[in-house]
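Only one structure is covered here, and it is reproduced in the block below.
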2 protein chains.
Amino acid sequence: MKHLPHKTIERLSQYRRALLLCLEKGKTHIYSHEIAKIQHITSVQVRRDLMLIGYTGTLRKGYNVKELIDLIGNIIDSEEGIKVAIIGMGNLGRALINYFAGKRSKLRIVAGFDTNPDKIGNTMSGVPCYSIEQLKEVVAAEDIKVGIMTVPADYAVDTADLLVKAGIKGILNYTPKPVNVPEGVYLEEYDMITTLEKVAFYVKLQETD
Amino acid sequence: MKHLPHKTIERLSQYRRALLLCLEKGKTHIYSHEIAKIQHITSVQVRRDLMLIGYTGTLRKGYNVKELIDLIGNIIDSEEGIKVAIIGMGNLGRALINYFAGKRSKLRIVAGFDTNPDKIGNTMSGVPCYSIEQLKEVVAAEDIKVGIMTVPADYAVDTADLLVKAGIKGILNYTPKPVNVPEGVYLEEYDMITTLEKVAFYVKLQETD
DNA sequence: TTAACAATGTTAAATTTTTAACACTTTTAC
DNA sequence: GTAAAAGTGTTAAAAATTTAACATTGTTAA
Ligand SMILES: NC(=O)c1ccc[n+]([C@@H]2O[C@H](COP(=O)([O-])OP(=O)(O)OC[C@H]3O[C@@H](n4cnc5c(N)ncnc54)[C@H](O)[C@@H]3O)[C@@H](O)[C@H]2O)c1
Ligand SMILES: NC(=O)c1ccc[n+]([C@@H]2O[C@H](COP(=O)([O-])OP(=O)(O)OC[C@H]3O[C@@H](n4cnc5c(N)ncnc54)[C@H](O)[C@@H]3O)[C@@H](O)[C@H]2O)c1
């Protein structure tokens with residue numbers, strides 16, 4: 001398999017999530033148009049993505065849910081799993097940890113970091129909270145590859161630097177402050193305000209025409 | 001101005017956020033390559049976006065920060081502002097409300113809704129929490145246009161239906177369960193897991209080549 | 001049995017988005 | 001005073017992404 005488009009990677013992750021729900025409901029097969037409906041895209045898009053990963057369904061019966069879940073896993077997961085840390089155990093950090101707790105996945109949040117002495121030493125939904133001072137040490141010891149940043153915006157840049165120095169390979173930045181990382185570290189940033197402003201814009205647009 | 005590309009809308013929102021920070025620092029002018037650096041894109045991209053909205057900077061001095069902020073506001077904001085509600089005042093809902101509190105913006109979170117009697121009647125960072133039973137009534141009374149869904153996943157579909165029935169025009173769904181809305185309601189969905197799995201995928205990819 | 005149907009898989013076209021190329025204009029340096 | 005440098009603005013090209021078109025093939029039903 002060659003390079004999968006970025007967008008396809010995102011959709012594969014989403015397909016899998018939808019498929020897992022279907023599996024729970026006891027569904028064994030699914031059509032491309034059913035997946036499409038769930039994801040608000042077209043069935044052609046789905047078939048094209050599956051073509052790219054070389055999966056072929058059964059004519060007239062659709063795709064085997066279990067097989068497809070496994071195949072997507074082979075593609076996007078790392079075999080050994082990837083360990084994740086959360087930096088900043090506040091409201092958002094807590095929301096993310098809760099959300100993950102209980103999910104069986106190749107991605108595991110294994111550590112949290114904070115500067116607040118009241119939080120350091122506790123665990124939250126099974127995730128231990130360390131001092132930010134211990135970052136490098138714990139990242140190395142646990143072989144943590146990915147860091148999720150949920151610190152106050154003013155600490156975003158410094159925190160990113162710390163993560164890079166600690167040897168983290170991927171950063172997901174939820175603060176509204178863009179940060180910089182060197183070559184070799186994959187960075188993804190998300191700010192809710194952008195999304196909300198986009199929704200508001202299209203609501204306005206819809207009203208004025 | 002004709003149709004602005006979706007991606008441009010997103011970037012304009014991001015530019016503005018970056019520009020507001022620059023303004024705070026007392027910067028009056030900014031070059032396209034400076035904006036580009038912050039947003040991890042190219043300066044051509046920035047200039048092209050600004051061309052699309054018809055803004056022209058000063059040769060050799062770059063763009064006037066204040067003017068540009070205002071212009072972006074004229075394009076993406078609604079004049080009267082847009083009111084927003086949060087459905088589900090849990091960890092994530094609280095994080096979002098805190099995040100918004102204090103931000104002066106055309107987008108205002110004016111109401112929260114929950115089913116938990118302990119929460120109903122309280123306020124959180126100045127946002128009153130109503131019973132979900134009152135949704136339709138409050139949405140109508142306040143003229144709320146956008147709803148942010150942060151309820152447990154199992155209630156996502158029902159909540160979306162309630163929002164639509166209440167007359168909401170835009171929904172931002174933060175639960176991991178995709179929902180459906182009729183024509184005329186703008187829907188945006190975001191799931192952290194997709195983003196995290198994407199980061200993990202590219203980390204893995206980088207390691208294997 | 002055979003025609004109509006309903007699904008997949010794939011190639012080609014269309015659209016959207018990004019990047020490159022370059023003309024133009026101040027400012028700076030000598 | 002002139003050449004070089006460093007910006008912007010715009011058109012054209014390239015790349016990425018989505019959509020359309022359609023060939024193919026089991027399945028169903030008359
Ligand atoms: N992307 C989004 O959609 C979104 C939504 C809400 C909030 N946010 C952002 O996420 C961040 C966290 O928001 P929150 O509501 O959880 O804030 P919070 O104040 O509840 O939590 C921040 C936590 O970080 C800790 N902290 C402070 N400095 C630190 C440091 N240097 N290193 C490690 N930990 C440190 C604090 O002790 C606290 O526990 C903020 O930047 C906020 O703007 C983003
Ligand atoms: N998109 C993301 O990145 C992300 C991250 C974390 C959590 N989540 C999702 O966000 C949602 C909320 O997460 P959380 O950690 O805040 O959960 P939570 O349990 O802390 O909060 C849920 C809140 O919704 C309320 N509620 C329950 N049923 C309701 C109903 N029918 N109507 C209105 N309110 C109702 C509960 O009383 C509670 O206050 C979950 O679906 C979770 O999976 C998404």
Side-chain angles (χ1 to χ4, degrees), chain A residues 1-15 18-19 22 27-68 71-72 75 188-189 194 198 201-202 205, chain B residues 1-15 18-19 22 27-68 71-72 75 188-189 194 198 201-202 205:
Chain A
M1 195 179 325
K2 293 198 285 272
H3 292 330
L4 292 171
H6 278 229
K7 287 290 179 67
T8 295
I9 298 295
E10 287 178 15
R11 282 192 298 263
L12 287 174
S13 163
Q14 285 163 355
Y15 297 165
L19 291 168
C22 291
K27 213 163 155 57
T28 63
H29 287 77
I30 191 167
Y31 298 123
S32 61
H33 67 259
E34 293 177 298
I35 300 179
K37 179 94 186 295
I38 298 172
Q39 303 298 149
H40 315 300
I41 55 177
T42 67
S43 62
V44 186
Q45 183 84 263
V46 175
R47 292 203 298 279
R48 217 174 181 304
D49 285 333
L50 300 190
M51 188 189 93
L52 289 175
I53 64 173
Y55 183 65
T56 104
T58 319
L59 195 44
R60 268 312 266 224
K61 285 185 74 178
Y63 304 95
N64 181 304
V65 175
K66 184 121 190 24
E67 272 177 27
L68 189 45
L71 178 58
I72 293 177
I75 291 165
E188 191 84 23
E189 310 199 303
T194 297
K198 190 177 168 195
F201 174 80
Y202 284 108
L205 203 65
Chain B
M1 192 179 324
K2 294 198 285 274
H3 292 331
L4 291 171
H6 278 232
K7 286 291 177 67
T8 295
I9 297 296
E10 287 179 15
R11 282 192 299 262
L12 287 174
S13 163
Q14 285 163 356
Y15 297 163
L19 291 168
C22 291
K27 213 164 154 59
T28 63
H29 288 78
I30 191 166
Y31 298 124
S32 61
H33 67 257
E34 293 177 299
I35 300 179
K37 179 94 186 296
I38 298 172
Q39 302 299 148
H40 314 299
I41 57 178
T42 67
S43 61
V44 187
Q45 184 82 263
V46 174
R47 291 204 299 279
R48 217 177 182 303
D49 285 333
L50 299 190
M51 188 190 93
L52 290 175
I53 64 172
Y55 184 65
T56 104
T58 318
L59 197 43
R60 253 336 252 222
K61 286 186 73 179
Y63 304 96
N64 180 303
V65 174
K66 186 127 190 20
E67 272 177 28
L68 189 45
L71 178 57
I72 293 178
I75 291 163
E188 191 84 23
E189 309 198 304
T194 298
K198 191 178 168 195
F201 174 79
Y202 285 108
L205 203 64

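The structure displayed is predicted, hence computed values, not measured ones. Just so it is clear: chains get the letters A, B, ... in the order the sequence lines come, proteins before strands, and each one is counted from 1.
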TODO: Summarise protein proximity over nucleotides 21-30 of chain C in one line of letters, 5' to 3': B for base, S for sugar-phosphate only, - for none, counting protein heavy atoms closer than 4.0 Å.
DONE: ----BBBS--

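- Distance CE (B:Met51) to P (C:dT17): 15 Å, rounded to an integer number of Å.
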- [ ] Evaluate the side chain to side chain contact (heavy atoms under 4.5 Å, CB included) criterion for residues B:Leu50 and B:Leu68: first the C-alpha distance (whole Å), next the side-chain angles of each, then the deciding distance (0.1 Å), finally the verdict.
- [x] CA-CA 9 Å; B:Leu50 299 190; B:Leu68 189 45; 3.9 Å; yes

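- Distance, B:His6 NE2 to D:dT17 C1': 14 Å, rounded to whole Å.
- The interatomic distance linking A:His29 (NE2) with C:dT8 (P) rounds to 11 Å, in whole Å.
- Between the CD atom of B:Gln45 and the C1' atom of D:dA14 there is a distance of 14 Å, rounded to whole Å.
- Here the closest non-hydrogen pair linking A:Thr194 and B:Glu10 is CG2-O, 3.7 Å.
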Open item on the list: Applying side chain to side chain contact (heavy atoms under 4.5 Å, CB included) to B:Lys198 and A:His6, what does each step give before you reach the verdict?
Closed with: CA-CA 8 Å; B:Lys198 191 178 168 195; A:His6 278 229; 4.1 Å; yes

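- Counting any heavy atom pair closer than 4.0 Å across all strands shown, A:Thr8 reaches no nucleic acid atom.
- Here D:dT17 presents its P atom at 11 Å from CG of A:Leu52, a figure rounded to the nearest Å.
- In terms of heavy-atom proximity, B:Tyr15 sits nearest to B:Ile41 at OH-CD1, 3.5 Å.
- Note: OH (B:Tyr63) to P (D:dG7) measures 12 Å, nearest angstrom.
- Heavy-atom distances under 4.0 Å link DNA chain C to no residue of residues 31-41 of chain B.
- Applying the salt bridge (Lys or Arg N to Asp or Glu O under 4.0 Å) rule to pairs touching residues 46-65 of chain A yields A:Arg11-A:Asp49, sequence neighbours excluded.
- Scanning all heavy atoms of the two residues, the minimum distance from B:Tyr202 to A:Leu4 falls at OH-O, 4.3 Å.
- When all heavy atoms are compared, the tightest approach of A:Asn64 to A:Glu67 is OD1-N, 2.9 Å.
- The two residues A:Ile75 and B:Phe201 have their closest heavy-atom pair at O-CE1, 3.5 Å.
- Mapping A:Arg48 and B:Leu50 onto DNA chain D by nearest heavy atom places B:Leu50 closer to the 5' end of the strand.
- Nearest heavy-atom pair, A:Ser43 versus A:Ala36, reported as atom, atom and distance to 0.1 Å: N-CB, 3.5 Å.
- The distance between atom CD1 of A:Ile30 and atom C1' of C:dT8, rounded to the nearest whole Å, is 15 Å.
- Rounded to an integer number of Å, the gap from A:Glu10 CD to D:dA16 C1' is 13 Å.
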